[in-house]
Amino acid sequence: MRLGDLPMLAEPLRRLDESEWIDAVVVVAPPEWEEPAILLAEEIGASKVTACVTGGETRSASVRAGVAEVPEDAAVILVHDAARPLLPDEVIGRVIEALGEGFDGAVPALPVSDTVKRVDGDVVRETLDRSALVTVQTPQAFVAPVFRACVDSTEATTDCAALLEQSGGRVRVVRGDERLLKVTTRADLERVAAWL
């Protein structure tokens with residue numbers, strides 16, 4: 001998808017490249033999109049992009065492929081979805097700083113404002129207490145050695161922090177940002193474009 005004149009990937013790459021929190025970026029791309037991703041990084045001057053690898057069949061496999069390209073001496077691994085192009089630097093700082101408080105991982109999150117019900121088909125089974133619920137965003141930050149171990153040893157999941165949770169890791173929730181909207185529809189893309 002395009003955001004303005006460039007593919008949507010350009011916006012988060014630019015923001016990661018400009019962040020003082022970030023030393024290097026590994027892009028995980030769909031098959032046959034590796035070279036265009038590298039060319040885009042060069043076009044926008046994203047000099048922190050050190051590699052572009054092919055993603056896998058699942059999110060977990062894609063993350064595993066990206067982590068394999070992160071240098072062994074990295075202290076922190078940050079995972080971010082390109083589908084969330086408006087990446088505030090303050091959120092990057094919040095998730096990384098949380099790791100200094102003894103947590104294995106940190107995720108940005110927003111409180112749930114709607115009532116949430118657990119259903120079975122079209123029958124309501126339970127109304128959940130939304131005060132204990134949040135919606136989780138990316139970027140998600142992890143202590144590198146801990147994350148490497150759980151990426152290699154856990155099952156597939158749709159959320160990287162869940163990999164750490166399955167391995168018994170401690171994950172901190174920090175304040176997210178409404179601008180970290182995940183673009184999944186045309187209306188989402190229009191909303192994000194209006195915020196640029």
Side-chain angles (χ1 to χ4, degrees), residues 3 8-9 11-28 46 48-49 59-60 62-64 66-67 70-71 73-116 128-184 188 191-192 194-196:
L3 181 59
M8 190 166 57
L9 174 61
E11 190 65 26
L13 279 184
R14 182 185 61 75
R15 290 170 183 248
L16 288 165
D17 195 71
E18 291 174 354
S19 175
E20 292 184 15
W21 294 100
I22 304 299
D23 293 327
V25 176
V26 175
V27 177
V28 180
K48 292 181 184 176
V49 174
R59 178 185 182 85
S60 298
S62 295
V63 169
R64 196 173 299 114
V67 168
V70 174
D73 63 349
V76 171
I77 294 175
L78 191 83
V79 179
H80 183 63
D81 297 330
R84 297 180 189 273
L86 303 185
L87 175 56
D89 200 49
E90 308 83 55
V91 176
I92 296 172
R94 284 197 288 269
V95 294
I96 292 175
E97 286 177 338
L99 302 182
E101 299 168 9
F103 288 88
D104 301 309
V107 298
L110 295 174
V112 173
S113 57
D114 293 324
T115 298
V116 179
L128 303 177
D129 177 7
R130 70 177 175 210
S131 69
L133 300 174
V134 294
T135 57
V136 175
Q137 304 171 313
T138 65
Q140 299 182 357
F142 307 97
V143 174
V146 176
F147 190 58
R148 284 183 201 279
C150 73
V151 163
D152 290 337
S153 65
T154 53
E155 301 172 12
T157 182
T158 59
D159 175 72
C160 290
L163 295 172
L164 198 62
E165 294 160 30
Q166 291 170 7
S167 299
R170 294 181 61 230
V171 180
R172 167 108 193 269
V173 172
V174 301
R175 184 169 38 92
D177 193 301
E178 289 186 8
R179 293 171 291 176
L180 277 168
L181 176 69
K182 185 176 183 181
V183 175
T184 55
D188 295 336
R191 189 170 169 198
V192 166
W195 286 339
L196 280 177

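Just so you know, these numbers use all the heavy atoms, side chains as well, and skip hydrogens, waters and symmetry mates. Everything numeric here is computed off the predicted structure, so don't read it as measured data.
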Least distance between heavy atoms, Val25 atom then Ile22 atom: CG2-CG2, 3.9 Å
Of all the heavy-atom pairs spanning Val134 and Pro111, show the shortest one and how long it is. CG1-CA, 4.3 Å
To the nearest 0.5 angstrom, please state how far the CG atom of Leu86 sits from the CD atom of Glu178. 12.5 Å
Mind jotting down which residue pairs meet the salt bridge (charged side-chain N to carboxylate O under 4.0 Å, His left out) criterion with at least one end in residues 94-108? Sequence neighbours excluded, please. Glu101-Arg172
Sorted by chain and residue number, the salt bridge (Lys or Arg N to Asp or Glu O under 4.0 Å) partners of Glu11 (sequence neighbours excluded) come out as Arg14, Arg15
Residues forming a side-chain hydrogen bond (donor to acceptor under 3.5 Å, both in side chains) with Ser62, sequence neighbours excluded: none
Walk me through whether Val67 and Arg148 qualify under side-chain contact (heavy atoms from CB on, under 4.5 Å). CA-CA 7 Å; Val67 168; Arg148 284 183 201 279; 3.8 Å; yes
Would you please name every residue forming a side-chain hydrogen bond (donor to acceptor under 3.5 Å, both in side chains) with Asp188, sequence neighbours left out? Thr184, Thr185
Write down the atom of Val171, the atom of Phe103, and the distance for their closest heavy-atom approach. C-CD2, 3.9 Å
By side-chain hydrogen bond (donor to acceptor under 3.5 Å, both in side chains), which residues pair with Gln140, not counting sequence neighbours? Asp159
Got a sec, which residues hit side-chain hydrogen bond (donor to acceptor under 3.5 Å, both in side chains) with Arg130, two or more places apart in sequence or on another chain? Thr115
Does Val151 reach the side chain of Leu163, with side-chain heavy atoms less than 4.5 Å apart? yes
What pairs with Glu90 under salt bridge (Lys or Arg N to Asp or Glu O under 4.0 Å), at least two apart in sequence or on another chain? Arg179
Is there a side-chain contact between Val174 and Val107 (heavy atoms, below 4.5 Å)? no
Calculate, to the nearest 0.5 Å, the distance between atoms CD1 and CD belonging to Ile92 and Glu20 respectively. 11.0 Å
Apply the test side-chain contact (heavy atoms from CB on, under 4.5 Å) to residues Phe142 and Cys150: give CA-CA distance (whole Å), side-chain angles for both, the deciding distance (0.1 Å), then the verdict. CA-CA 11 Å; Phe142 307 97; Cys150 73; over 6 Å; no
Please enumerate all residues that pass side-chain contact (heavy atoms from CB on, under 4.5 Å) together with Leu128, with sequence neighbours excluded. Val116, Arg118, Glu126, Leu133
Heavy-atom closest pair, residues Ala98 and Ala106: CB-CB, 3.6 Å
Sub-4.5 Å side-chain heavy-atom contact between Leu164 and Val146: yes
Grab the two heavy atoms, one from Asp177 and one from Leu110, that are nearest each other, plus how far apart they are. N-CD2, 3.8 Å
Taking distance alone, no hydrogens or angles, what donor-acceptor pairs closer than 3.5 Å link side-chain atoms of residues 73-85 to residues at least two apart or in another chain?
| from | atom 1 | to | atom 2 | distance (Å) |
| --- | --- | --- | --- | --- |
| His80 | ND1 | Thr138 | OG1 | 3.0 |
| His80 | NE2 | Arg84 | O | 2.8 |
| Asp81 | OD1 | Arg59 | NH1 | 2.9 |
| Asp81 | OD1 | Arg59 | NH2 | 3.0 |
| Arg84 | NH1 | Leu180 | O | 2.7 |

Would you name the heavy atoms of Leu181 and Arg191 that are closest together and state the gap between them? CD2-CD, 3.9 Å
Less than 4.5 Å apart, any side-chain heavy atom of Lys48 and any of Leu16? no
